[in-house]
Amino acid sequence: MAKKNKAKVSESVDVLPTPERGQHNKIETQETRKAGKLVRRVVDGTSLDYYLRHKIITLEQHDAGTRLYSLWRQAGLEQRITSRLSDMPAGTGDGMASERAAHAFTDIKKLHREMGGHLYAIAADIACHNLMATEWAERNGKSKRAAPDLMRLALDALVDAFKRLSS
């Protein structure tokens with residue numbers, strides 16, 4: 001039985017963002033720790049970054065959306081593959097991580113209560129699920145023209161809710 005030769009991948013070939021990607025996102029060339037080596041990276045990969053770059057939202061709204069995203073990640077609400085607990089190595093649980101997740105989940109519930117269900121859902125879809133405002137409008141049967149205004153309204157409510165919770 002003949003062996004199939006695997007295709008060899010050269011390590012000198014870099015995977016660069018394509019010019020088509022550059023039409024939609026900002027790409028920066030950054031220097032690495034290796035002498036003379038430059039890497040191109042997509043800087044505004046999220047919908048919040050896109051809206052900030054095009055001055056559709058303010059920096060305060062962007063920061064509030066990023067803060068909601070970090071709480072959402074800490075709470076462990078990101079979709080993931082499920083598995084059986086018996087398949088997990090023993091002793092891998094971190095007591096502080098679960099306590100931190102509980103606090104983050106409590107903070108998210110407080111934000112939900114402060115903002116109201118509809119405004120929170122808009123902010124969460126855009127900040128956490130990385131939807132564009134028009135995509136959110138299509139999924140929820142709302143007007144595409146009103147979507148950016150609804151997004152700004154939801155992000156303003158998020159900024160106010162963070163201010164009320166921190167005071």
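Start at 1 with the first residue, then count along the sequence. Keep in mind it's a predicted model, so treat the numbers as computed, not measured.
Between Ala154 and Ala123 the shortest heavy-atom distance is CB-N, 4.0 Å. Pro148 approaches Ala133 most closely through the heavy-atom pair N-CB, 4.1 Å. For the residue pair Ala75 and Ala104, the shortest heavy atom distance occurs at N-CB, 3.7 Å. For the residue pair Ser143 and Ala137, the shortest heavy atom distance occurs at O-CB, 3.7 Å. Residues His112 and Gly117 come closest through the heavy atom pair NE2-CA, 3.7 Å.
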Working for side-chain contact (heavy atoms from CB on, under 4.5 Å), residues Leu48 and Tyr69: CA-CA 10 Å; Leu48 288 174; Tyr69 176 71; 5.9 Å; no
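Here the side chains of Leu111 and Leu68 are in contact, with some heavy-atom distance below 4.5 Å. Looking at Leu150 and Trp136, their side chains come closer than 4.5 Å, going by heavy atoms from C-beta outward. Counting only heavy atoms from C-beta outward, the side chains of His129 and Trp72 approach each other to under 4.5 Å. For the pair Tyr51 and Met151, the minimum side-chain heavy-atom distance is below 4.5 Å. Met132 is listed as a side-chain neighbour of Tyr50, based on a closest heavy-atom distance under 4.5 Å.
The distance from the CD1 atom of Ile57 to the CZ atom of Arg152 is 9.5 Å, given to the nearest 0.5 Å. Rounding to the nearest 0.5 Å gives a distance of 9.5 Å between CD1 of Ile126 and CD of Glu135. The structure places NZ of Lys110 at 11.0 Å from CG of Leu71, a figure rounded to the nearest 0.5 Å. How far NZ of Lys142 is from CD1 of Ile122: 8.0 Å, rounded to the nearest 0.5 Å.
Ser47 and Asn130 are linked by a side-chain donor-acceptor pair at a separation below 3.5 angstrom, with hydrogens and angles left out of the test. A donor-acceptor pair shorter than 3.5 Å cannot be found between the side chains of Asp63 and Thr66.
With sequence neighbours left out, the side-chain contact (heavy atoms from CB on, under 4.5 Å) criterion links Ser166 to no other residue. With sequence neighbours excluded, the residues forming a side-chain hydrogen bond (donor to acceptor under 3.5 Å, both in side chains) with Glu138 are Lys144, listed by chain and number.
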Donor-acceptor list for residues 155-164 side chains, cut-off 3.5 Å, not counting sequence neighbours:
{"residue": "Asp156", "atom": "OD1", "partner": "Gln61", "partner atom": "NE2", "Å": "2.7"}
{"residue": "Lys163", "atom": "NZ", "partner": "Glu60", "partner atom": "OE2", "Å": "3.2"}
{"residue": "Arg164", "atom": "NE", "partner": "Glu114", "partner atom": "OE1", "Å": "2.5"}
{"residue": "Arg164", "atom": "NH2", "partner": "Glu114", "partner atom": "OE1", "Å": "3.2"}

